[in-house]
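Below, all heavy atoms of this structure are taken into account, side chains as well, without hydrogens, waters or symmetry copies.
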Amino acid sequence: MALLTGAPRGTKDVLPSESYQWQYMEETLRKAAADFGFSEIRFPTFEHTELFLRSVGDTTDVVQKEMYTFEDKGGRSITLRPEGTASVARSFVEHSLFGAGLPVKVYYIAPNFRYEKPQAGRLREHHQFGVEYFGSERPEAEAEVIGLADTFLRRLGLNNLNVQLNSIGCHHCRPAFHKALQEYFKEHESELCPTCLERMERNPLRILDCKNESCAKIAEGAPIGLHYLCPECKEHFEMVQTYLREMGIDFTINPHIVRGLDYYVRTVFEFVSDAIGAQGTVCGGGRYDGLVSAIGGKDVPGLGFGSGIERLLLVMEAQGIKIPKPNGCDVFFAALGEETSLPVEKMIFQLRQLGISAERDTMGRGLKAQMKYADRIDAKYVVVIGEDELTNGLVHLKCMETGEQTECKLDIQEIAQWVKAHH
RNA sequence: GUGGGUGUAGCUCAGGUGGUUAGAGCGCCAGGUUGUGGCCCUGGAGGCCGUCGGUUCGAGUCCGAUCAUCCACCCCA
């Protein structure tokens with residue numbers, strides 16, 4: 001593909017014929033966030049590379065092989081944001097947002113960049129709706145955040161998602177679990193796949209998620225993380241579940257879900273669809289109590305989620321959920337003869353100033369073609385105007401849906417009134 | 001990064017074993033009503049057959065490479 005006429009790999013244009021879907025999506029997300037008391041935050045598209053090393057974790061795949069990193073002209077190492085939480089945490093610390101009182105509840109809709117191999121539901125630039133909730137270490141915070149996720153997904157019509165919940169423990173109880181896992185898998189070393197052998201050292205949790213038959217079989221008998229939770233984590237996890245049950249949010253506990261970002265502790269969760277292939281996680285998040293202090297801020301707990309907008313749209317399409325199309329043009333002027341051009345341009349200009357969407361032909365087409373065009377742009381009314389109408393001061397307003405024509409004075413206020421009353 | 005499928009008109013796709021001007025449907029434009037859309041009919045425009053190289057008298061068709069795309073692994077939204 002030519003460099004000039006092909007978008008970079010893994011990126012997508014949102015075309016004029018589909019942008020209304022994004023607008024609908026964004027409106028729905030903003031409304032849900034507002035209902036739950038979250039305010040929008042905006043942040044730069046790039047950050048100092050160091051931020052992601054410290055927050056996401058320098059052993060994660062995201063950091064190790066997926067970041068768009070470059071040196072700017074001032075010699076700084078800059079990285080295109082691969083995820084939103086780090087930026088929000090940075091901003092939280094930089095501007096001492098806790099100063100306005102906790103909790104701090106923010107949301108964002110922003111693009112993320114990861115150098116990945118594109119596939120269904122996976123792009124190099126994708127957009128996320130994310131929320132972050134700072135200040136509370138109590139399970140109520142989970143109820144708020146997961147409650148918001150459940151709500152906006154339902155409002156979009158996605159009501160058959162699988163909600164998966166897990167607790168991966170805290171800094172106190174996780175090491176014991178890691179050790180137990182490593183000991184268990186060491187015994188079955190010979191039956192593990194090569195990738196899992198590599199995972200043994202760095203992240204034995206991942207072996208639990210391996211799809212390889214032999215590995216999966218071994219994983220079945222592996223120690224279960226939930227058994228290793230310290231009393232505090234256990235209590236916390238129980239309470240999260242109690243809240244969700246009380247709120248009527250169905251979930252399944254999946255001890256195998258492990259998030260790929262290092263900052264997570266305790267609660268992790270995913271909303272998964274089976275409608276769009278292998279990349280079915282449509283919303284994922286969890287708690288990150290140590291994150292803010294890890295990048296140099298106070299020890300403020302937090303949690304949040306990210307939700308991929310492209311994936312949400314894919315699921316909606318797969319499930320046949322129709323997104324309402326915006327209204328077309330209110331009134332189209334089909335003009336005949338050169339002498340009508342000037343007055344028509346003036347009239348649609350005046351109508352537009354009144355907040356009415358008015359259109360005309362600028363392609364020099366005949367009447368029939370103009371009617372066709374009016375039909376295509378979904379015009380509600382058409383005014384046919386030629387020499388006669390111009391001299392008589394009377395026109396017919398044709399309703400495109402019924403075909404009915406109504407006589408009307410050739411007067412902006414009259415036409416505006418009619419269109420407003422009948423749209 | 002690894003593996004498999006696919007690249008022909010704006011879109012969805014036909015084009016047995018290589019053979020002259022590369023097709024259809026939809027869409028677009030024009031006409032059939034010289035002042036009225038949707039349905040119907042007629043005509044038209046539109047194609048470096050992804051790209052580069054090779055085999056051959058001859059390549060959309062065969063081979064190689066490359067790029068893109070789709071799917072899976074991996075990872076994540």
### Watson-Crick or G-U wobble partner of B:G43, both distances under 3.5 Å
B:C29

### Task
Grab the CE-P distance between A:M371 and B:C29 for me, whole Å please.
15 Å

### Task
For A:E66, answer base if it contacts any base atom (sugar-phosphate contacts may also be present), sugar-phosphate if it contacts only those atoms, and nothing otherwise; contact means non-hydrogen atoms under 4.0 Å.
sugar-phosphate

### Query
Is A:V282 touching bases, backbone alone, or none of the nucleic acid, heavy atoms closer than 4.0 Å?
sugar-phosphate

### Task
Give the rounded distance in Å between these two atoms: CG of A:D262 and C1' of B:C75.
13 Å

### Query
Given B:U69, is OP1 or OP2 found less than 4.0 Å from the side-chain N or O atoms of A:R9?
yes

### Task
Mind jotting down which residue pairs meet the side chain to side chain donor-acceptor pair (under 3.5 Å) criterion with at least one end in residues 19-30 of chain A? Sequence neighbours excluded, please.
A:R30-A:E40, A:R30-A:Y107

### Query
For A:K65, which contact category applies under a 4.0 Å heavy-atom criterion: base, sugar-phosphate, or nothing?
nothing

Between protein and nucleic acid, restricted to nucleotides 38-41 of chain B and to nitrogen or oxygen atoms under 3.5 Å apart, what atom pairs and distances do you find?
none

### Query
Is it true that A:K12 and A:E310 make a salt bridge, defined as a side-chain N closer than 4.0 Å to a carboxylate O?
no

### Message
Using atom P in both nucleotides, what's the gap between B:C26 and B:A22 to the nearest angstrom?
### Response
22 Å

#### Entry: Expected output: side-chain A:R122 to main-chain A:K117 donor-acceptor under 3.5 Å
yes

### Message
Any donor-acceptor pair, under 3.5 Å, between the side chain of A:Q370 and the base of B:G35, if you only look at N and O atoms?
### Response
no

### Task
Indicate, with a heavy-atom threshold strictly under 4.0 Å, whether A:L261 touches base, sugar-phosphate, or nothing.
sugar-phosphate

### Message
For A:Y115, is the OH atom crowded, meaning more than 12 foreign heavy atoms sit under 6.0 Å from it?
### Response
no

### Query
Can you check the A:L367 CG to B:G32 C1' distance for me, whole Å?
15 Å

### Task
Classify the nucleic acid contact of A:G130 as base, sugar-phosphate or nothing, counting any heavy atom under 4.0 Å across all strands shown.
nothing

### Task
Count the heavy atoms belonging to other residues, nucleotides or ligands that lie under 6.0 Å from CZ of A:F70, then report whether that count exceeds 12.
yes

### Task
Look at all strands and tell whether A:R114 reaches a base, only sugar-phosphate, or nothing, counting heavy atoms closer than 4.0 Å.
base

### Any donor-acceptor N/O pair under 3.5 Å between B:C75 base and A:Q279 side chain
yes

### Message
Per the salt bridge (charged side-chain N to carboxylate O under 4.0 Å, His left out) rule, what does the pair list look like for residues 273-295 of chain A, sequence neighbours excluded?
### Response
A:E142-A:R287, A:R287-A:D289

### Query
A:R376 or A:V62: which one's nearest nucleotide on RNA chain B is closer to the 5' end?
A:R376

### Message
From NE2 of A:H256 over to P of B:C75, roughly how many Å is that when rounded to an integer?
### Response
14 Å

### Task
Give a yes or no on whether a salt bridge exists between A:E359 and A:R352, defined as a side-chain N under 4.0 angstrom from a carboxylate O.
yes

### Query
Whole-Å distance between B:C70 P and A:E116 CD?
14 Å

### Task
Answer with base, sugar-phosphate or nothing: what part of the nucleic acid does A:E389 contact at a heavy-atom distance below 4.0 Å?
base

### Message
Any base atoms under 4.0 Å from A:D388, or only sugar-phosphate, or nothing? Heavy atoms, all strands.
### Response
base

